[in-house]
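Below is one structure, written out as structure tokens; the observations come after it.
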Amino acid sequence: MFSEKLFQRLKNAEHVVVLTGAGISAESGVPTFRGNEGLWKKFKPEELATFDAFIKNPELVWEWYNYRRKLIQEVKPNPGHYALVELENLFPNFTLITQNVDNLHRRAGNKNIIELHGNIEKNYCIKCGKRYDDVNLALEMKVPKCECGGLIRPDVVWFGEMLPIGAWEEAEEAASNCDVFFSVGTSGVVYPAASLPQIAKMNGAYTVEINIERTELSWFMDEVIIGKSGEVLPKLVEKLKEQNFTKILNRWRTV
Ligand code: BJW
Ligand code: ZN
């Protein structure tokens with residue numbers, strides 16, 4: 001399943017970066033955005049995840065987010081998420097860049113996380129900017145209005161919006177300076193996130209994709225592993241442990 005080259009690169013790696021997408025949470029029961037199971041009612045993400053859609057029909061967009069908030073509260077991180085926590089502990093420098101807004105990486109225990117598309121459990125007023133970060137409060141509200149009269153929106157990044165201040169810069173910096181870059185469970189169609197694997201590769205990283213199918217990004221990856229992230233990632237961690245990887249890594253570090 002994994003090449004010798006990958007282990008070689010990992011043994012010499014000081015900085016490992018993982019980019020995740022909706023696919024890593026699929027095995028927890030969180031639907032992905034695209035593909036047959038990814039559809040929500042009859043809408044595409046491009047029709048709901050925009051500011052215009054929200055202004056046109058706040059109830060519908062809010063309903064979509066509340067449906068997802070409730071779902072996320074009911075699910076748990078899966079073995080793929082937990083394997084990334086183990087990976088974080090194996091390397092001197094590890095950055096987890098996620099496009100997901102579901103908090104499952106934090107709940108699993110990862111520490112160094114960059115959330116590129118925000119966080120579904122947080123909200124703010126579009127008029128005065130006041131924050132409404134209590135998820136239960138958000139769930140109770142049918143038509144979300146701030147005390148100033150402005151609409152309350154989820155603190156996520158919609159199409160046409162800038163990424164959170166600093167998040168893109170940090171992600172680009174991590175991708176430019178890593179030794180191995182994993183792209184896990186993302187279709188690679190949404191930019192600028194989808195450019196990160198190419199940035200990593202251009203800067204010399206070994207790039208690996210883990211997905212149940214080939215994606216827009218597969219053609220330039222050094223290695224494409226077809227499989228569920230909840231199965232592939234724990235196997236990778238197991239193999240690294242079998243090879244007494246930590247010891248090898250430590251020996252390398254002291255040379
Ligand atoms: C499994 C699995 C298992 C399943 N194991 N795998 C024309 C060309 C290029 C760009 C543009 C363009 N026109 C407009 C743009 C820009 C636009 C864009 O990219 N559009 C494209 C769609 C064309 N981007 C933007 O507007 C972004 N902002 C921006 O560009 O600002 C300017 C800027 C420039 C430079 C620097 C900084 C700023 C903002 C994008 C915001 C995206 N927002 C959303 C919604 C977030 C809130 C929410 O959650 O509701 O983000 S859309 C949605 O897509 C969500 C996701 O994070 C994102 C990516 O989706 P993801 O994660 O890849 O999910 P899927 O469903 O697509 O794929 C799942 C994958 O998992 C599949 O491959 C499965 O096979 C796999 N899988 N089970 C492993 N068990
Ligand atoms: Zn307000």
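Counting starts at 1 for both ligands and their atoms, in listed order.
Residue His117 has at least one N or O atom closer than 3.5 Å to an N or O atom of ligand 1. On a distance-only criterion, Asn100 and ligand 1 share no N/O pair closer than 3.5 Å. Among the atoms of Thr215, none of the N or O lies under 3.5 angstrom from an N or O of ligand 1. For ligand 1, the polar-atom distance check against Glu46 finds no nitrogen or oxygen pair separated by under 3.5 Å. Residue Trp64 places no N or O, backbone or side chain, under 3.5 Å from any N or O of ligand 1. At a 3.5 angstrom cut-off on N or O pairs, Ile210 does not count as close to ligand 1. At under 3.5 Å, a nitrogen or oxygen of Thr186, whether backbone or side chain, sits near a nitrogen or oxygen of ligand 1. Between Ala26 and ligand 1, no pair of N/O atoms sits closer than 3.5 Å.
Annotation for ligand 1: atoms under 4.0 Å from non-hydrogen atoms of Tyr65 are 47 (C), 48 (C), 50 (O). Listed by atom number, the atoms of ligand 1 under 4.0 Å from Glu161 heavy atoms are 27 (C), 28 (N), 29 (C), 31 (O), 39 (C). Shown in contact with Glu213 at under 4.0 Å from a heavy atom are these atoms of ligand 1, numbered in order with element: 75 (O). Interface of Glu27 with ligand 1, defined as ligand atoms under 4.0 Å from a residue heavy atom, comprises 3 (C), 5 (N), 80 (N). Ligand 1 places these atoms under 4.0 Å from at least one heavy atom of Gly185: 6 (N), 69 (C), 70 (C), 71 (O). Ligand-side atoms of ligand 1 in range of Val101: 49 (O), range being under 4.0 angstrom from any heavy atom. Less than 4.0 angstrom separates some heavy atom of Arg68 from each of these atoms of ligand 1: 48 (C), 49 (O), 50 (O). Close contacts of ligand 1 with Gly21, meaning ligand atoms under 4.0 Å from a residue heavy atom, involve 62 (O).
No heavy atom of Gly230 sits closer than 4.0 Å to any atom of ligand 1.
Here the options are Asn89, Leu87, Asn112, the test is side chain to side chain contact (heavy atoms under 4.5 Å, CB included), and the partner is Phe94; only Leu87 passes.
Geometric assessment of Lys130 against the ring of Tyr132 yields a positive cation-pi assignment under the 6.0 Å and 45° thresholds. Note that Arg69 lies in the cation-pi zone of Trp62, set by a 6.0 Å cut-off to the ring centre and a 45° limit from the axis.
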- Start with the C-alpha distance between Thr98 and Thr20, add both sets of side-chain angles, then the distance that settles side chain to side chain donor-acceptor pair (under 3.5 Å), and finish with yes or no. CA-CA 5 Å; Thr98 187; Thr20 61; 2.7 Å; yes
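For atom 33 (C) of ligand 1, the closest non-hydrogen atom of the protein is Met162 SD, 4.1 Å. Protein heavy atom closest to atom 23 (C) of ligand 1, with residue, atom name and distance, is Val189 O, 4.2 Å. For atom 3 (C) of ligand 1, the nearest non-hydrogen atom of the protein is Gly23 O, 3.3 Å. With hydrogens left out, the protein atom closest to atom 25 (C) of ligand 1 is Tyr191 O, 3.5 Å, a heavy atom.
The residue among Leu163, Asp155, Val156, Val157 with a heavy atom at the shortest distance from atom 45 (C) of ligand 1 is Val157. Here the shortest heavy-atom distance to atom 35 (C) of ligand 1, taken over Ser187, Ala22, Ala171, Pro192, belongs to Pro192.
Taking a distance limit of 4.0 Å, we find that atom 39 (C) of ligand 1 is approached by some protein heavy atom. Under the 4.0 Å distance rule, the nearest protein heavy atom to atom 13 (N) of ligand 1 falls outside the cut-off.
Taking 2.8 Å as the limit, the number of protein N, O or S atoms around the Zn ion (ligand 2) is 4.
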